[in-house]
Protein chains: 2
Amino acid sequence: MKKLKRVTIYDIAEKLNLNPSSVSRALNNGSNVSLSTRELILKTAEEMNYKVNSIAANLRTGHNQTIGVIVPRINQNFFANVIAGIEEVTYEKGYNLVICQSNESADREIKCVNTLANQHVSCIIISVSADFEDYAHLENIRKQGISLIQFDRVADELDTMKVVNDNEKVSMEAVCHMISEGYQRIALLEGPQNLSIFRQRKAGYLAALKKYKLPVIPELIMENAWTTELGAAATKHLLALAEPPDAIFASTSDFSALGVLEVADELGIQVPQQLGICGYSNESFTQITNPSITTIEQNSVLMGKTIAQLYFDELESGTSVAQNKLVNIQPELIIRNSTLKLSR
Amino acid sequence: MKKLKRVTIYDIAEKLNLNPSSVSRALNNGSNVSLSTRELILKTAEEMNYKVNSIAANLRTGHNQTIGVIVPRINQNFFANVIAGIEEVTYEKGYNLVICQSNESADREIKCVNTLANQHVSCIIISVSADFEDYAHLENIRKQGISLIQFDRVADELDTMKVVNDNEKVSMEAVCHMISEGYQRIALLEGPQNLSIFRQRKAGYLAALKKYKLPVIPELIMENAWTTELGAAATKHLLALAEPPDAIFASTSDFSALGVLEVADELGIQVPQQLGICGYSNESFTQITNPSITTIEQNSVLMGKTIAQLYFDELESGTSVAQNKLVNIQPELIIRNSTLKLSR
DNA sequence: TTGTATGCGTTATCAA
DNA sequence: TTGATAACGCATACAA
């Protein structure tokens, strides 16, 4: 169908009775070519509507100004923000971004990694899927000379650059805040423990209890309350206990915190007076619920910028600096009404 | 730094005392190669950890299984959803997605178009930037044999495939709904009128007034109320009028509708009894505000899928079918409490 | 400053 | 069924 013949440096050379190599030189660095011919070449290239064929150039030079990004879902606030941050930096550097969704599926993640490897991208930035045990596909990447940067959900055992939130510290801060507001029996909605981010959030929760010498009560720790619905279900269960919690830290997400709030409303339980709630991620809706929800801002755009910057730093430093390097992006506790028991 | 020599079909051929072309055949379609040697080749390729070099393959075949996407911002709900939809389809087809942000800047949009053109992507999917008058950069694309699909914010004058919401129809529906709930003086928060989506929404508003023979009152039509803050400012102005509106259609976004709601709260104005509010986009927060906000669901993921499907349809039909083709994705009016004057 | 020649890794055409 | 070879468009080392 589309057999349009594109303009090449050959065509330009022919038209000007020059050599393709001169055209190439003029178009690129401009070195070793007289000013007059250079201008002539540039002008004719423009006139003939010439566009470089980056594919050919990449094949020749062996490197590809492209970075691959693999995330579970593109249309999730946090990931969309990280990608936007990455893009901001890569754009400045003239790099392109190839985006893939793993859809939380191991199979798909492997396929994504492979296509990116085939494309010979110079770097793969990835937040791993939830259901993973074996990271051979990622080990393999490095053998092919492709940089690898993990973020957010990282596989600790892999020796790569990592950019993460300091989940533990901020989680501890959040729970300490709740304790200092007078909450005594704080429940935890936790995420899949094979992901380090959720292990860290739990660790922060435990550290806070320890600091204040509060007992760890296993029945107050609920697994896998990701969504609004699961958060609601967990809350119903918790509030039906003989000794129900007086606060809930929804460490999985603001969506599950929303589920908590909805159930509290349903049961006529006063928030924050009878039940404190803290979420995670600072979704836009947390500031307009009633009461507004205390949560954690992950600084996701900044995280994206940092990730990209890390790659270019490594690249420009010339040598494979610190393969195993951990960068912490400091998240912030955003205190809102849902945990302000004292002040109300 | 990274001078890893990658395994090529040459290496495989050498090892097996075969010819590179046989290896290529075995690896690709498998035609014209005996089963035994084919299996041998596949096995050794696996063992040697061979990965195709898609760059070389693309250069040779002349086509690139890559689609470029340009949006104003990646981290905006609507666009993130459209991209997710596109990705779902392109992934199935084995195509890659290169993503760029124009950041609402004309300059940047042109640069994005150019890099994608240089990469010889087979298709560019774009939602144009707000501040545009001249579309030469897009005209140019087609001259290079690259398909062009516009979505959402489209340049009418360009003869391309377009996928849009039926903004006018649903806007009319929304305003009719408000009128039938008893609102009489309905204000409009409108977006930049050089973008057709905003012209259409306004047209829907005007059509509804006309249908019910209500007068068009210029002082009730406010320009450029994009954000929560601008929506709030416009609302303050409107409510301070001698004859203030009894409803506001925030056709720009739910964020501006949120601004309206906040000001109403501030001034102690009852929603929906004294003031009706309708937003646009069905952001997740609209269902949990108090009252919940009537809005319009744009079916953005479906839109993304449709766009990608359109490209592959054109591709597979073999011939450049309908260059100028308009597909309407039906948005839906979501009626919530903020406009239910009668029922309350 | 310019031209010549070669190769990047593949696929496609032709011959064996 | 297999092998030899050219070509995709460009960049670069080297020669002129």
Side-chain angles (χ1 to χ4, degrees), chain A residues 2-42 45 48-66 115 117-122 144-145, chain B residues 2-42 45 48-66 115 117-122 144-145:
Chain A
K2 53 182 64 156
K3 266 292 150 244
L4 306 205
K5 170 79 178 144
R6 284 184 139 130
V7 182
T8 72
I9 54 173
Y10 254 85
D11 301 324
I12 301 178
E14 196 173 358
K15 181 158 188 176
L16 296 179
N17 255 331
L18 280 171
N19 196 281
S21 54
S22 297
V23 177
S24 171
R25 281 188 288 253
L27 255 29
N28 289 316
N29 40 29
S31 73
N32 291 334
V33 54
S34 75
L35 191 63
S36 57
T37 53
R38 174 156 188 249
E39 279 173 350
L40 180 61
I41 289 171
L42 258 42
M48 298 176 74
N49 194 21
Y50 167 79
K51 304 276 173 197
V52 219
N53 184 333
S54 326
I55 308 223
N58 286 336
L59 177 60
R60 176 62 237 253
T61 59
H63 48 73
N64 190 332
Q65 312 253 80
T66 299
T115 28
N118 293 348
Q119 301 233 96
H120 288 210
V121 296
S122 43
Q144 319 202 27
Chain B
K2 53 183 64 157
K3 266 291 151 244
L4 305 206
K5 170 80 177 140
R6 284 186 140 129
V7 181
T8 72
I9 53 173
Y10 244 83
D11 301 324
I12 301 178
E14 197 173 0
K15 180 158 189 177
L16 296 179
N17 255 334
L18 281 170
N19 194 282
S21 50
S22 297
V23 177
S24 172
R25 282 187 290 252
L27 256 28
N28 288 315
N29 40 30
S31 73
N32 292 334
V33 54
S34 75
L35 191 64
S36 57
T37 53
R38 172 154 190 252
E39 279 173 349
L40 180 61
I41 289 172
L42 258 41
M48 298 176 75
N49 193 22
Y50 166 80
K51 304 276 173 197
V52 217
N53 184 335
S54 325
I55 307 225
N58 286 338
L59 176 59
R60 181 58 239 249
T61 59
H63 47 71
N64 190 332
Q65 312 252 83
T66 299
T115 29
N118 293 349
Q119 301 232 97
H120 288 210
V121 296
S122 43
Q144 320 203 27

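Chain letters run A, B, ... following the sequence lines, proteins first and then strands; every chain starts at 1. Note that the coordinates shown come from a computational prediction; the quantities given were computed from them, not determined experimentally.
In terms of modelled atom types and a separation under 3.5 Å, the side chain of Ser122(A) and the main chain of Thr66(A) share a donor-acceptor contact. Panel note: side chain Asp11(B), backbone Thr8(B); a donor-acceptor pair is recorded below 3.5 Å. Although no hydrogens or angles enter the test, the distance criterion places a donor-acceptor pair under 3.5 Å between the side chain of Thr61(B) and the main chain of Ala57(B).
Nearer the 5' end of DNA chain D, as judged by each residue's closest nucleotide, is the contact made by Ala56(A), out of Ser21(A) and Ala56(A). Nucleotides of DNA chain C nearest to Leu59(A) and Ser24(B) differ in position, and the one nearer the 5' end is that of Leu59(A).
In plain terms, the two heavy atoms of Asn58(B) and Gln65(B) that are nearest each other are OD1-N, 4.3 Å. Across all non-hydrogen atoms, the minimal contact from Ala56(A) to Leu59(B) is CB-CD1, 3.7 Å. Nearest approach of Pro20(B) to Ala13(B), heavy atoms of both residues: N-CB, 3.6 Å.
When the P atom of dT10(C) is taken as reference, atom CG of Asn64(B) falls 16 Å away, rounded to whole Å. Rounding to whole angstrom units, OH of residue Tyr10(B) and P of dA6(D) are separated by 11 Å. Atom pair Met48(B):CE and dG9(C):P shows a separation of 13 Å (rounding to whole Å applied). Between the CG atom of Asn17(B) and the P atom of dA4(D) there is a distance of 11 Å, rounded to whole Å. Distance Arg60(A) CZ to dA7(D) P: 19 Å, rounded to the nearest Å. In this structure, Leu16(A) places its CG atom 18 Å from P of dT1(C), rounding to the nearest Å. In this structure, the CG atom of Leu27(A) is 11 Å from the C1' atom of dC10(D), given to the nearest Å. Rounded to an integer number of Å, the gap from CD1 of Ile9(B) to P of dA4(D) is 14 Å.
Within 4.0 Å (heavy atoms only), Thr8(B) reaches sugar-phosphate atoms of the nucleic acid but no base atom. Looking at heavy-atom distances under 4.0 Å, Ile55(B) makes no contact with the nucleic acid at all.
A side-chain donor from one of Thr37(A) and Ser34(A) sits under 3.5 Å from a side-chain acceptor of the other.
Residue Thr61(B) places its side chain closer to dA12(C) than to any other of dA12(C), dT2(D), dC10(D). Residue Asn32(A) has its side chain nearest to dT2(C) when only dT2(C), dT10(C), dC10(D) are considered. In this structure, of dG9(C), dC10(D), dA11(D), it is dG9(C) that holds the atom nearest to the side chain of Asn53(B). If you check dG3(C), dG9(D), dT10(C) against the side chain of Ser22(A), the one that comes closest is dG3(C).
With a 6.0 Å radius and a threshold of 12 heavy atoms from other residues, nucleotides or ligands, Lys51(B) has its NZ atom above the threshold.
Applying a 4.0 Å cut-off to non-hydrogen atoms, the residues of residues 33-42 of chain A that approach DNA chain C are Val33(A), Ser34(A), Thr37(A), listed by residue number.
Between Asn58(B) and dT10(C), a side-chain N or O to OP1/OP2 separation shorter than 4.0 Å is absent. Taking only side-chain nitrogens and oxygens, Tyr50(B) comes nearer than 4.0 Å to OP1 or OP2 of dT10(C). Look at Asn19(B) and you won't find any side-chain N or O under 4.0 angstrom from OP1 or OP2 of dT2(D).
In this model, a side-chain donor or acceptor of Arg25(B) finds a partner on the base of dG3(D) within 3.5 Å.
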